[in-house]
Each structure stands twice: as C-alpha cells, then as structure tokens.
There are 2 protein chains.
Amino acid sequence: MKPTGNVRPLAKPVTLSIDAMGGDHAPAMVVEGLNLALDGVNNVQFLLFGREGELEPLLAQYPRLREVAEIRNADGVVSSSERPSTALRAAGDSSMRRAIDAVAAGEADGVVSAGNTGALMAMAKFVMKTLPGVDRPAIATVFPTIRGRSVMLDLGANVECTAENLVQFAVMGEVFARKVLGLEQPSVALLNVGEEHLKGNQAVKKAAEVLQHSDLAIRFHGFVEGTDIGAGTVDVIVTDGFTGNIALKTAEGTSRLLTHFLREALASGGWRTRLGALLARPALREMRRRVDPRNYDGAMFLGLNGICVKSHGGTDALGFSNAIRVAVRLIADRVNQGIKDDFLYLAGQSPRDPRIATG
Amino acid sequence: MKPTGNVRPLAKPVTLSIDAMGGDHAPAMVVEGLNLALDGVNNVQFLLFGREGELEPLLAQYPRLREVAEIRNADGVVSSSERPSTALRAAGDSSMRRAIDAVAAGEADGVVSAGNTGALMAMAKFVMKTLPGVDRPAIATVFPTIRGRSVMLDLGANVECTAENLVQFAVMGEVFARKVLGLEQPSVALLNVGEEHLKGNQAVKKAAEVLQHSDLAIRFHGFVEGTDIGAGTVDVIVTDGFTGNIALKTAEGTSRLLTHFLREALASGGWRTRLGALLARPALREMRRRVDPRNYDGAMFLGLNGICVKSHGGTDALGFSNAIRVAVRLIADRVNQGIKDDFLYLAGQSPRDPRIATG
C-alpha cells in the first residue's frame, strides 16, 4: 500500500534524522517506511541512527532510498519499558538520543521516532529545550471526523495538568491547526463531561474561564463531550494527557470493534450477503482506509524548540511513512515558527499579532 | 423495533417507579418505552410520576400497558441544566424526586429516569443513602466488545477520584459483572495511559498497588489502555468519572463516525456497490444493531441502598425500554444485595465471603 496524495514538491531540501531502532518492528519497518514515504515527498534526505550492521543490508534492498539515506552507527537502543529518567541519564549513545542531538546540532530539520514516548519526550525536552513561554510540551495529532479532520492534544505527555497548562495547549493547538489543517480561524474547545459551564474538574473549569475572558484572539467554543470528537464539532480539542490518550485509544479500539462486527456480519450471512460483500468490497475497503489509524500516524511534540514527531510504537511501514510525511509538512510549513511567534506575542515580547499576518 | 431476547419470567412481581418527565423526549418516549419493555418482561408493574394531564392520554394509546401502570401526579420537572444542589433543595414535588421517594417508601423495587444525571444522583444518594462501606456511588454500564460484553465504571458521578474511590469502584464493578454478566470470576483492570506500572496519575498508581496486594479476592489484571475497551481485554474497567464519561462518549461518537463513513462509501459507489449494499443490507443492519447505544441503554447507580437506573438523556423509546429491562434484571438478580454482602464482608462485619457461595 502506498500513502495517498500526490508527491509534494519541496522548495528547500529537508533533512530528517531517524531513530531507526525505535518501534516494535524496527528497524525493518523503519527502512521500509522511509522507502514508502519517498512516494509522497521529494527533496528529502534521511540520517538513520542505529546499528549499522543491521541497517546496511536493509537499505541495500531499496536503491532509491539508499541514495538519500546516510547511516550513523549507534549501538544503544532505548527499550519500550524503560523509565524516561533512566533513558535520559544512560542513553548518550542510543539511536534515539543521537537522532535528537542531530537536530540540536543543526544537521537535521527534525526527528522522527516510533520508540518509547516518555523517553523521547524527556530527551527532546532536555536537548531541544521548550519554546519561550511554554511550561510543558504536549503531544498533538490530527484525526478523522464526520466534518473532516480535527486536532487533539495532549495525548499523553502530561498525565496531570493545571488550568494554565490547558490554556497553553489551546494556544499551541490553535497554531498547529491553522498551519496543518490550513484554517484561518480554527475553533477550539476543552474536552469535558458535559457542555454546561458547571460541569467538569477544577482544571477544565478554570481553563475555560481564562479562555473565555482572555484577549488571546482564539475562537473558543467552550466545552465539548466525547461524542464531539468523532462528530468534528470543533477543529481543536484540548485536554490533559491522561484523558486525551485514553480518548484517542478508545476511538482506535472502537474502530477495530466496528470493523470486526462488520466482517463477522458479512461472513455469517448467506450467499446474498456474501455476494453483496463482494460487490461492495471496494467501498468497504475505502471505509476502513478512512479510519485506519496508520493513515493518521505521526503525532507532533508541540512546544519544543525543534520538530519532533512520534510514530505509533506498534506501527508498520505504512504508518511510519505517514509519520515521515507529517514531519516533512511541519518543517515545510514552519509550524514551530508560528507557535514561537504566537508565544512571543502573547508574552508581550513581540508587538505584532502573528494571527493578523496569516489570517 | 422491539427489544431482542425472550420474555423473562419473573418469579416475584417487580414494581418500578418511573420518572415520566425525565429525558429530552419525555413523556411520550417514556410511555412508548414502557410499552415496548412489556415485550421483554412479564409480572412487572409501573408507578408513573409526572403530569397526569399529559400522561393519561398517552397511556390510553397502550391498553396492555395501561393495565399495569398507575399514574401519580407530580407537577414539577427537573430540567437538564439544573444544578444538582438546586434540584435537591427545591424539588420536593418533582417527578424525579417523587419516583425516588417511592423506592425509599417501599412502594417500588427500583426507579428509572432519563433525566438530569447529577440531580438524579444527588437525590438518590440523599433519599436512599449509600450502602455501608461505600463513600461514593458510581455509575456503571455494560458495553459491547469483540469478546462479548464488559462493564465500565464510573461514567460521570465522580469527576475527581482518589485511589480509595477507585478501589471501591473495583469491588462494586466486580459484583455487578458477576451478577449481570453471569461470570464466576470477572477480571478487573484500571484504565490507564499504558500497561506499565510506572505510568499514570497518582490515583491509578496507588489504586493498582492496593488492588495488587489486597486480599480482596478480585482477579485484578492491572492496567489496560483505551484500545482494550473495545477489545474486551477484561470484564470490568475501572476509572474516574471524568475519564469514563469521556471514554464511553468517545466510543459512541466513533461508532457514529464509522457508520457515517460506511453509509457514505456505499452511497458514493457505482451500481455494483449499491447492489452489493442492497444484498448485504440485513448484515449491515445487524452490525449497526450490535453497536447501537440504545441497545446498551440503562446505567446503574452502584453503591446506593436501592436500585436506581439512568437512561440516556437523549434516548428514544427503544433505549428507554432497555433501561427498564436492565432495572428489572438488577432487581430479579438481587445485585444490590450482592454488593452489600461484599462490602459487609470486606469491612469485617460479615464472616462469610459471599464469593464462595456464588463461585
């Protein structure tokens, strides 16, 4: 399977550093994914960090990829069960750390990893630092809705959040949606257990009050509920990392459940049903494609002084290739610069509202 | 549409008190729902609380229902936006309050309402009181999974929870699953952002430690993630009311999203696809039925000294009829007595482990 969409011509060459050993099926999945990604972008180069002895024969299978990829040997691998703090202390020579270091050193424009999320965040934060005005980076992703596509954050970087954190996530998410979804004025809402202003925990109630009365120039919708995620009621859904992670994974699990029920229903029917399923097969495949989590792989760490994209730990080559395309787009669209400009303006360190320029 | 399943013969007659004015489409939806429910249960009687002038003509349409229903006039209606505390103070003559009072007075075996969740919980707690040993009641429901059916709680009664609350939910949820799903030893897990024991917020980490090392005789699985909800990895999923409410509603929204994508894919295809959809229609309908939230309507307030079942605020007659059937089953199976026995045993006030008798 190939990523959908046309090849995107990049004005300037983009270099990505790749944690080639991160992910359950790395490094084979990573190399295959990079090769797939080449169908979607041109003018891109890869620095692969990992065990040279393993990577070299894999790369040899893809001559087109081999031409734009450079291997940098790194023997260490951060395991998926490793504590972020341990990984941070120990992992000077891990593929993950070296890949991040390459961005800080200016050798690459961004890093992509399917490895341990907590370790990746800890290292990226330590090496790249956060943007001025950002207390805590957040993980954001794009997901499919009935209306089109929306953005949700945080997806797990911060399991406990204050109102202040949520407000910052709203600012970062809004810029992200403007740049990535191409919206002039994305609507932003806080995820809650009801739409009434009396509902919810202390953090969301206070964050709503701040967003309601601030001069942030954010189109704040108020609260939305879990059903609004799939409905696409708003463009940006803001929540703490605990709830966001569980909501996103619940949606993933529910997609799988429905696909399972559909398959069962079609298989258990008589000849009419089976003939029907055969005739409708392309349509059914199209439906599955639209909710396939692999087509939405690639979550961005927002608020860092650099581009860091996380691919799903259990991803395959198709999912990883999408994460690569996300990273390329973020770099080409200068998303991080947009967030930086916004925070400088909000902190009163820049007189120019960046929204006016883009809007 | 009729509820699925056979008529259940009840050994003893069951009387339910009904908040006939609760829910977006009340009272017409309530009366129609009660009539539908009669297809599924026998030996049941209803006390309908609400405006007699509105209820009488509705009931007149259903002679079979009319025979087993008694109207008790109540002029007040608790609105869906009312603050629970306000409703509790003001609502002595509301249909909701009167319906709950009927259970406390021994006139009914349980109450069913599709009205304001917070007000219903506040009133039920005030009137019925909690079971000995229970600090906070929780809302539990049954939902469909790839493996069959599972139970989740809390779904919104407690937006902020301590580890102690979560442990109590685990105990109540386990009894609920034994009785309602008919399992000898249901597996129980805490919902978290990862399976590793290092992950999560303080409450889930501490609750896991207590459940791991306690002599509660609960088959504790550890942590599960959002994807495990649809997968049915465990029989009982325990979480705080904020996360649980959002997870359940996210699953609902995702079901709707997939059904929407399926409909779009089938409608936009050519004649082959449309013929296929026509032939497979019964199977597609069966799939939709399996995930239709109306077929899982009826959440129980666990931990109260009485049976209180909440139907979805936006429900229709089919959903409400299912909530009625849930209430009847809970009463017939003496679920509350089971929870009470368990808590007495756990509190050292009863020498007999009720699990041994049931197991």
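In what follows, chains carry the letters A, B, and so on, assigned in the order in which the sequence lines appear, proteins first and then strands, with residues in each chain numbered from 1.
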Can you confirm whether more than 12 heavy atoms, excluding those of [X], are under 6.0 Å from its [atom1] atom?
X         : atom1 : result
Arg272(A) : CZ    : no
Arg83(B)  : CZ    : no
Lys205(A) : NZ    : yes

Using every non-hydrogen atom in the two residues, find where [X] and [Y] come nearest and quote the distance to one decimal.
X         : Y         : answer
Phe242(B) : Gly200(A) : CE1-CA, 4.4 Å
Ala280(A) : Ala277(B) : CB-N, 4.4 Å
Val193(A) : Gly241(B) : CG1-O, 4.0 Å
Thr254(B) : Ser255(A) : CG2-OG, 3.8 Å

Of Asp240(A), Ile246(A), Thr250(A), which is the lone residue that meets side chain to side chain contact (heavy atoms under 4.5 Å, CB included) with Thr243(B)? Ile246(A)

Would you please test Ile229(B) and Leu257(A) for side chain to side chain contact (heavy atoms under 4.5 Å, CB included) and show each step? CA-CA 9 Å; Ile229(B) 297 176; Leu257(A) 176 70; over 6 Å; no

The interface call for Leu191(B) against chain A, heavy-atom contacts under 4.5 Å, is both

Based on non-hydrogen pairs under 4.5 Å, which of [options] is most in contact with chain A?
options                                    : answer
Ala231(B), Ala283(B), Gly230(B), Gly270(B) : Ala283(B)
Glu286(B), Glu225(B), Lys199(B), Arg281(B) : Glu225(B)
Thr273(B), Leu258(B), Val159(B), Thr117(B) : Leu258(B)

[X] [atom1] to [Y] [atom2] distance, which is reported to the nearest 0.5 Å:
X         : Y         : atom1 : atom2 : answer
Leu284(B) : Phe261(A) : CG    : CZ    : 14.5 Å
Thr145(A) : Arg256(B) : OG1   : CZ    : 13.5 Å
Lys249(B) : Asn192(A) : NZ    : CG    : 9.0 Å
Glu160(A) : Asn201(B) : CD    : CG    : 5.0 Å

For Gln202(A), which atoms come within 4.5 Å of any heavy atom of chain B: side chain, backbone, both, or neither? both

Proximity breakdown for Leu262(A) and chain B, heavy-atom pairs closer than 4.5 Å: both

Quick one: which of [options] has the most heavy-atom pairs under 4.5 Å with chain B, could you say?
options                                    : answer
Gly276(A), Gly156(A), Ser268(A), Gly253(A) : Gly276(A)
Met287(A), Glu252(A), Arg285(A)            : Met287(A)
Asp228(A), Ile146(A), Asn245(A)            : Ile146(A)

